[in-house]
Amino acid sequence: MPPETTATPRFEPLVDAALIAALHAVDPIGLGGVSLRGYAGPTRENWLTALREMLPAEGSWRRLPLGISDERLLGGLDLTATLKLGRPIAQRGVLAEADGGTIVVAMAERMSVTTAARIAAVIDRGSVALARDGLSGEEQTAFGIVALDEGLEPDERPPEALLDRLAFRIDLGRLPPTADLPPIHDRRAVAEARDLLPSVAVTDALFEALATAAQNFGINSMRAVRFAICAARASAALDGRTEIEHDDAALAARLVLGPRATQMPSASEAPAAPDEPPPESMGEESGAEAPDAGDDDAAADKPLAETVTEAVVAALPSGLLAGLVAASTPSRGGAGQGRSDQTRKSSERGRPIGSRKGELRACARLALLDTLRAAAPWQRLRRATLGNSGAVRPAILVRADDFRVVRFKQRIRTTTIFVVDASGSSALHRLAEAKGAVETLLADCYVRRDEVALIAFRGQSAELLLPPTRSLTRTRRSLAQLPGGGGTPLAAGLKAAYDLATAIRRKGDSAMLVFLTDGQANVALDGRGSRAQAGEDVAVVARLVAAARLPGLVIDTSPRPQAKARQLAEAMTLRYLAMPTANPGLISAMVQAAA
Amino acid sequence: MSLVYPFSAIVGQDEMKLALLIAAVDQSVGGVLVFGDRGTGKSTAVRALAALLPKRPAIDITKLVQQSGGPQEAPTAAKKAAKPQMEPIPVVDLPLGATEDRLVGALDIEKALTSGEKAFEPGLLARAHGGFLYIDEVNLLEDHLVDLLLDVTASGENVVEREGLSIRHPARFVLIGSGNPEEGELRPQLLDRFGLCLEVKTTADIKSRIEVVKRRDAFERDRAAFIEHWQKEEQKIRRRIVAGRAALPNVETPDHVVERIARLCMALGTDGLRGELTLMRAARALAALEGAKTIGDKHIQRVSLLALRHRLRRNPLDEVGSSLRIERALEEVFAA
């Protein structure tokens, strides 16, 4: 029973996992689904089995493989039937077929943003709108989703568009590796709860408590609140009640709002930074005064609000809070972004861009519809010439000449890596130029779909401030707090740039380096402040760059052109440009000319 | 079609609603681009607009289709010849994953295979003619489709040269796009095709947040009843749109208004004349919507952000830049 869990030792991850399965089984459509983060293993299998046993037996259970084609996802032409019958036969996609059932997304952390956007659109509409392969139509569908997320790094996670539409998240890492779920509810109990669901009433106080809690914890998406409402309703129904009690609300807040929190409610209960939670406000008050936070005006006469807030706080163990602070510092949406950028990249490579006449060889993919289109006008003629000779007469006469194969677009993208000297006194000035150049370049190169990255070196090391990206919004965010000052670890900057460039090359793309420096170095690779060692290190790394034949240029930013910067350019076999009063537009133009 | 959430039941988001109503009153304003966070009701609003649009004389696109190289016939003549049958102004959804053949139209494969007839099957562009084309996640749209749209929106004509077909038909429609800016930038050329541009954010007001969730929950639980409940409000808006469309041709544009608009755009250094034109049309549509007989200063002030914020020369460094610059320019121009 749900009420027991709140009483016993705060909360038990395993019981929570079982409860989530039950709640989701009661209202899979209203709650959207569950994201299961962690390795494949017995616990994950057991959880999936437990969920399946609570869902209606007749509902389908479909696995969505990674990199599913639009044809199978949304629907398309049925190859065999089309060829057999001689007229286009539509085939439903997985999303339509899963109506009333469950979709299990394998390796959800690697799902591309485009796939996620398609699924999201279908969830939001409640139907699949199809306009592909000569087919168009709309078919109603609704399903629950279980996203299997095997990501390791914090930014390795399913696309935000998908996560936002799933009510629950389970961290398998907090469960024992081989655990059976406590059997809380069986299929019949869940079915009864499902029947009871429509008559469960939601009070205004509950709406208010959950919406307020969501805002106080920096949860922006309005879907989260709706999910919390649905979860509370399901919890009451599971218990055979038509009234939602505090325990239901607490459970919903803990399971739905807890994992989404991006900030602690500010102690003063001021409408704290509603839109973009300022990163600094998250770190300070992580634990101590949390439980009694946010109770002064609302909670006194509305204990429900207090219950809800406490429940959310309870779901934030200190470790998670620390992670939360770390994860949300660069940007709110940034975490999911890095990964999806990468997946999008790989899915873009070899994206079909129409078809061409061609033979069907091993590696070619038949463009069925285009082949049929090519064959169509000739059918009568061919039939006539065929006469009565053949015993077997196929519905469509396709000749080798008709074959069309899918053409893939495989373009190499260039990532321009800016390496900026952020040390010393002129840093601020130089950084501003670099920022401007990065953004101007980004705005310009969207058409070419190229990317930009930025490495700054200062103090003892170099830092990748902007991982390769195309998003202006993201760039602005990362560049907003570009730090400056300190020593000049030029070698570290070169090394970081070299590493990034070779990593990009390994992925099959090309990289270009743009250094903004005066060529001076006074911090060695290991972070020690030694001018001699620093110079040696620079020479070593420069040879690496030269050996890798990386293209690029060195922009000398010192007020008076220095021999050092020129030597550096020569050592790396890069172009040298003196630009004491560089302006962003000029740098951007230079870079484009050099590319 | 599934039942859609009523336009009038959308809490807050006034700028977005205003932009859509303006586009509904004067389609020549040139489209609306809505950028914003997840779950802010972008696509809800656009789909809800479809239910509010008035009817128009039915257009049979097959009658407008011409063989390329054939005699140039004024499409309006064909339109007039059609029966005065009425149909709702279409809002055509361009679903994600749509293929080129469905967008521009293609050889009707069924007819071709079964009867050997070479017939053109119109695509989404044909269906959207005279209405709206809605692209959700517009910044995720594939490149070759963007190219296509750019061409068609510039020429107002869809030219199909494929599979032995060689035809063209008029395709003038209002583009409505929505997307999340964090998922990718929009190509500047496409950005320019949108008349109005705005960014929506989740409201910070707790009361409206509660109201949003409440209404959404009520809608999800019983769609028909919810829509019924908002019937009256919907009627009101529908009447406003109809009245606005009727009043539009009679709204006067005094010379000093034109001058102010020109001065504003000059002060901001917007590229080309499109900014001025859009601003004037949007202000006129707003005046019509509010039953005013002439465009007033307040109309310009209310739509200038919508019409200009995406037309300023990009200075990517300052984030709040464009809005602030427009506001300052407004103050200057109107203080004079």
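Just so we're on the same page: letters track the sequence lines, and every chain starts at 1.
- Ionic pairing of B/D217 and A/R233 is present here: one or more N-O contacts between side-chain nitrogen and carboxylate oxygen are shorter than 4.0 angstrom.
- Counting all heavy atoms, side chain and backbone alike, B/P95 lies closest to A/A129 at CB-O, 3.4 Å.
- Residues B/L96 and A/L74 come closest through the heavy atom pair O-CD1, 3.5 Å.
- Contact record, B/I210 with A/A211: CG1-CB, 3.5 Å, taken as the closest heavy-atom pair.
- Only the side chain of B/L124 comes within contact range of chain A, judged by heavy atoms closer than 4.5 Å.
- Using a 4.5 Å cut-off between heavy atoms, A/A161 touches chain B through backbone and side chain atoms alike.
- If you tally non-hydrogen atom pairs under 4.5 Å between each of B/K207, B/E220, B/E137, B/R216 and chain A, the highest count goes to B/R216.
- With a 4.5 Å cut-off on side-chain heavy atoms, B/R209 and A/T212 do not count as touching.
- Annotation: B/R127, atom CZ; neighbour count of heavy atoms from other residues, nucleotides and ligands within 6.0 Å does not exceed 12.
- Between the CG atom of B/D136 and the CG atom of A/D124 there is a distance of 8.0 Å, given to the nearest 0.5 Å.
- To the nearest 0.5 Å, atom CZ of residue B/R221 and atom CD1 of residue A/I229 are 10.0 Å apart.
- Atom CG of A/D204 is separated from atom NZ of B/K214 by 3.0 Å, given to the nearest 0.5 angstrom.
- Interface residue A/I219: only backbone heavy atoms are found under 4.5 Å from chain B.
- Residue with the most contacts toward chain A among B/V212, B/D222, B/V213: B/V213 (heavy-atom pairs, distance under 4.5 Å).
- Looking at B/D93 and A/R125, their side chains come closer than 4.5 Å, going by heavy atoms from C-beta outward.
- Contacts between A/L73 and chain B at a heavy-atom distance below 4.5 Å are absent for every atom of the residue.
- Taken from CG in B/D205 to CD in A/Q215, the straight-line distance is 8.0 Å, to the nearest 0.5 Å.
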